[in-house]
Amino acid sequence: MARTLITSALPYINGVKHLGNLVGSQLPADVYARFLRARGHEVMFICATDEHGTPAELAAAKAGEPVADYCARMWKVQKDLADGFRLSFDHFGRSSSERNHRLTQHFAARLHEAGLIEEVWERQVYSIADGRFLPDRYIEGTCPNCGYERARGDQCENCTKQLDPTDLINPRSAISGSTDLEVRETKHLYLRQSLMRDRLREWINSKTDWPVLTTSIAHKWLDDGEGLQDRGITRDLDWGIPVRRGTEPWPGMEGKVFYVWFDAPIEYIAATAEWADAHGLDDSAWERWWRTDRGAEDVRYVQFMGKDNVPFHTLSFPATILGSGEPWKLVDYIKSFNYLNYDGGKFSTSQGRGVFMDQALEILPADYWRWWLIANVPESSDANFTWESFQAGVNKDLADVLGNFVSRVTKFCRSRFGEAVPEAGEYGPEEAAVTESLAARLAALTAQLEAIELRKAAAELRGIWAEGNEYLQRAAPWAEFRTDPDRAAAVIRFALNLMRLYGILSRPFIPDASDTILRALGAGDTDWPEDVAAELQKLRPGHGFTTPDLLFAKLDDARTAELAARFAGG
RNA sequence: GGGUCCGUAGCUCAACGGUUAGAGCAGAGCGCUCAUAACGCUUUGGUUGGGGGUUCGAAUCCCUCCGGACCUACCA
C-alpha cells in the first residue's frame, strides 16, 4: 500500500487566520489527504501551530496573558477552527511541545558535531524600556534615503530601499516608541548553510518535476550574490526552545532560545511523534514515517505552503536534515501557492479587511468556503476573492448543479416509486453513453488530483455533476413515467447511483455534503472508484433511502451586498 | 537595484510550438416541467497588452516596450 506523508505549513499562533492563509496550505493539503485516503493510501497528515518568536510574545503581552497561556488558548482556537473547516489532520500539534524541544535540541547537537554550527558575536539593538532585543523590523525611524518617518529597520516601506537598523535617523522601538536604545554585543549560533550549498543544489536539481515557482526561488537563494548565506538560528527571547546540545547545556548560550525558523519545520517531525504519543504508540510508529532506516524509505513526502515559505523548505530545513547526517526523510514534492487577495487588495488583520476563519463559519458552513476556495485556489497566480464570485460559485455550482440534482432525483423517486431504489427496467444505450463519458472524466479527475492540480480537478468535478442533469434531461423520466414506467424506474435507479458516485467523488472537496448524500442513500463505502460501470450498479433495486433536506442554500443578492459592506474594512 | 511570475471573451480561467484559441459565469433565443424560479439545448462575444524577430506553423520560443503582482535572507 502506498504511503504518503503530508504536511501543511504551520499557521502562526498569533491570532485567527484568514481565508488566504487557509487556502494557501491547509485546505489544499486536506483535499489531497482525503483523496489519497479514499484511494486506499496510508496517509499521515500533519499540521501544528508555530508558537515561538517576537510576535507571539507581543500578542500575549497585548492580551495581558503569560505567553504560554496565550499560546495554549490560541492553539485551541485554531484547532477548533480547523475542525470546523473539516481539516482532517491526523495530528494538529504545537511547536512548543516537549517533543519538539527534544528534537530541536537533538538536531542542534548533531549539526554541532558535524561542524555546521558557528558561534558568532554580533551587535544588536537593545531596547532598555522594552527589556528586549529588537528584531530589525521592530525598530522604526526616519529613512535616510527618502525621509519617510516610519521606515522599519529592515526596509523602508515608502521607497522600498533595504536598510540596516543603524541607518535609521532617530530610531525608536516600534513596540513602545521608546528611543532609549543601545547596541549590545550578543552571541548567536549560525547554521553554516554555505558549506552545504553544493549538496543542496544537487538535491534541488534532482527535483525536475517541481514547479518553477519552487525551484526558481531556491536557485535564487543558492546562487544570488555571494551564494547561500549562513543563517542565525538563535534569538535573545524568553519564549522558545532553550538552546542546548541535545540534553547537555550549551556553554555561553544560557538564556537564549532557538529561532522559530529553526524549530518550526522540525515540528513536522515532532508533531508526528506527538501523534504517536497521543495514541499510546511507541517511537517506531512515527519513525516509520520519518526515518528511512526505520521503514520510511517507501514514503512519499509532500509539503504544502504559500510561496513565502519556499526558501525555508527548500534550503534551511533540508540543510538541517542533511547536516544531521542521520537518515531523516527529505521532502519529495513541494506544492506552493500564490496569494489570495480580498476584493483587489490584501487581506489585512490590522485593518480588519477580508474574511477570517471564525467569521466565515459564522456566515456559512465549511463546504461553501471549501468549494469556492479550492475552485479558485491561487495555483498559477494570485487569486481574488469577491463576494460576487463567491455567491456565483455557491449558487451555480453547489445549489443549482449538485444540490438540485440530488433534490430532483430523490423527490421524483419518492413521489413516483417511494423511498427505495426502483426495481424495474434495464440500463440501455443512454446509460452506457453516460457511463463511458464518466469513465473518461473520472480518469481525468483522478489524474488531476494525483498531480495536485486542484483548480482543474474542481472544474472536472463540476462537469461530472452537470452530466447528471444533462442525462436527466435526455432520459426525461417524468415523461417516460406516463408511457413506460419501467423505463422511468431504470433511469431513476441509474440517477440514484450517480448521486452515490457524486457523494464519493465530492468527498475530498465538500466532506459534509458528501456525508449527507451518502447517509441519505444508506451507502457507507467511500473508496475512490476504479470501474464506473460497476460503481453505477452498487445501489441495488429495493435499497431504501431517505430524501435529504436541501443540500445547499443559496446566497441571495441582499445578503451578499450586506456581507460585502460588512467586510469592506477601513 | 536583482529575481520570479502574470497579461487570452464583459468577469474568472484553459489551451505538449500544430485543425477553426476553448470552458464556467454574465448576455440573447428556444425547450422541459422531476427539481432549490432550478435543469437542458442553441447562440452572441477574441487583432491572445503594443511592436519586432525565429519558424512551414507562435497565445506558446527570442528581443523590446507598457501594465500588474510577488520574493529579496532578523515578521513569520
Side-chain angles (χ1 to χ4, degrees), chain A residues 9-14 50-56 58 122 124-125 133-139 152-155 160-162 164-165 174 188 193 211-217 219-221 223-225 228-232 235 259-261 264 306-312 315-316 338-339 341 346 375-376 378-384 386 388-389 391-393 395-401 403-416 455-456 458-460 462-463 466 468-481 488 491-492 495 549-554:
Chain A
L10 308 187
Y12 197 65
I13 194 69
N14 179 9
D50 175 13
E51 303 195 358
H52 299 133
T54 307
L58 297 180
E122 54 187 30
Q124 278 203 334
V125 175
F133 283 95
L134 295 178
D136 290 354
R137 89 184 260 135
Y138 285 100
I139 305 162
R152 294 189 323 216
D154 55 345
Q155 186 178 34
T160 73
K161 285 240 168 53
Q162 284 177 56
D164 194 83
H188 282 296
Q193 299 181 132
V212 176
L213 180 66
T214 302
T215 52
S216 65
I217 291 172
H219 277 121
K220 155 83 170 160
W221 282 46
D223 297 322
D224 191 47
L228 187 60
Q229 301 296 297
D230 293 342
R231 199 176 174 95
R235 290 292 183 272
Y259 175 44
V260 284
W261 262 117
K307 58 187 169 184
D308 53 332
N309 271 320
V310 168
F312 305 99
L315 300 168
S316 308
N338 291 284
Y339 291 144
N341 290 319
K346 291 186 179 182
N376 295 279
E379 276 176 326
S380 59
S381 64
D382 290 353
N384 192 33
T386 65
E388 293 70 24
S389 172
Q391 179 191 27
N395 289 356
K396 291 306 298 180
D397 299 348
L398 295 180
D400 292 347
V401 177
N404 184 49
F405 175 78
V406 167
S407 186
R408 65 196 295 203
V409 169
T410 52
K411 286 179 180 171
F412 182 83
C413 185
R414 180 175 61 182
S415 68
R416 302 300 197 279
R455 248 183 138 115
K456 288 178 183 170
E460 190 64 53
R462 187 194 186 284
N469 286 316
E470 294 162 20
Y471 164 72
L472 283 182
Q473 190 65 30
R474 282 195 305 272
W478 49 88
E480 295 285 355
F481 187 76
V491 169
I492 288 304
D549 294 333
L550 285 192
L551 216 48
F552 296 100
K554 289 199 190 188

Heavy-atom side-chain contact between Arg235(A) and Val260(A) under 4.5 Å: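 They are not in contact (no side-chain heavy atoms under 4.5 Å apart), so the answer is no.
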Any Lys554(A) side-chain heavy atom under 4.5 Å of Asp400(A) side chain: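 Yes, side chains in contact.
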Rounding to an integer number of Å, can you tell me how far [X] [atom1] sits from [N] [atom2]?
X: Lys220(A); N: rC5(B); atom1: NZ; atom2: C1'; answer: 14 Å
X: Asn338(A); N: rC13(B); atom1: CG; atom2: C1'; answer: 14 Å
X: Trp221(A); N: rU72(B); atom1: CH2; atom2: C1'; answer: 8 Å
X: Arg414(A); N: rA35(B); atom1: CZ; atom2: P; answer: 10 Å
X: Asp136(A); N: rC75(B); atom1: CG; atom2: P; answer: 6 Å

Intermediate values then yes/no, salt bridge (charged side-chain N to carboxylate O under 4.0 Å, His left out), Asp382(A) and Lys307(A): CA-CA 11 Å; Asp382(A) 290 353; Lys307(A) 58 187 169 184; 3.3 Å; yes
Taking OP1 and OP2 of [N], is either one under 4.0 Å from a side-chain nitrogen or oxygen of [X]?
X: Arg231(A); N: rC74(B); answer: yes
X: Tyr259(A); N: rA76(B); answer: yes
X: Lys554(A); N: rA38(B); answer: yes
X: Tyr339(A); N: rC71(B); answer: yes
X: Lys346(A); N: rA69(B); answer: no

Sugar-phosphate, base or nothing in reach of Phe552(A), heavy atoms under 4.0 Å: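 Answer is base: heavy atoms of Phe552(A) come under 4.0 Å of a base.
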Reading 5' to 3' through nucleotides 24-34 of chain B, protein heavy-atom contacts under 4.0 Å coded B for base, S for sugar-phosphate only, - for none: SS-----BSSB
Asp308(A) vs Tyr339(A), side chain to side chain contact (heavy atoms under 4.5 Å, CB included): CA-CA, chis, key distance, verdict: CA-CA 9 Å; Asp308(A) 53 332; Tyr339(A) 291 144; 3.1 Å; yes
Give none if [N] has no partner; otherwise give the nucleotide forming a Watson-Crick or G-U wobble pair with it, both distances under 3.5 Å.
N: rG45(B); result: none
N: rC39(B); result: rG31(B)
N: rA9(B); result: none

Whether Phe312(A) and Trp261(A) hold their rings parallel, tilted or perpendicular, with breakpoints at 30° and 60°: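 It falls in the parallel class, under 30°.
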5' priority, RNA chain B, between Glu470(A) and Arg455(A) [closest heavy atom]: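 Nearer the 5' end of the strand: Arg455(A).
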Base of rA35(B) paired with side chain of Asn404(A) (donor-acceptor, under 3.5 Å):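 Looking at the base of rA35(B), it does pair with a donor or acceptor on the side chain of Asn404(A) (distance under 3.5 Å).
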Pro55(A) side chain, from C-beta outward: closest of rA73(B), rC74(B), rC75(B):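 That would be rC75(B).
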Residue Pro135(A), side-chain atoms from C-beta onward, closest of rG40(B), rC74(B), rU36(B):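 Of all the options, the side chain of Pro135(A) is nearest to rC74(B).
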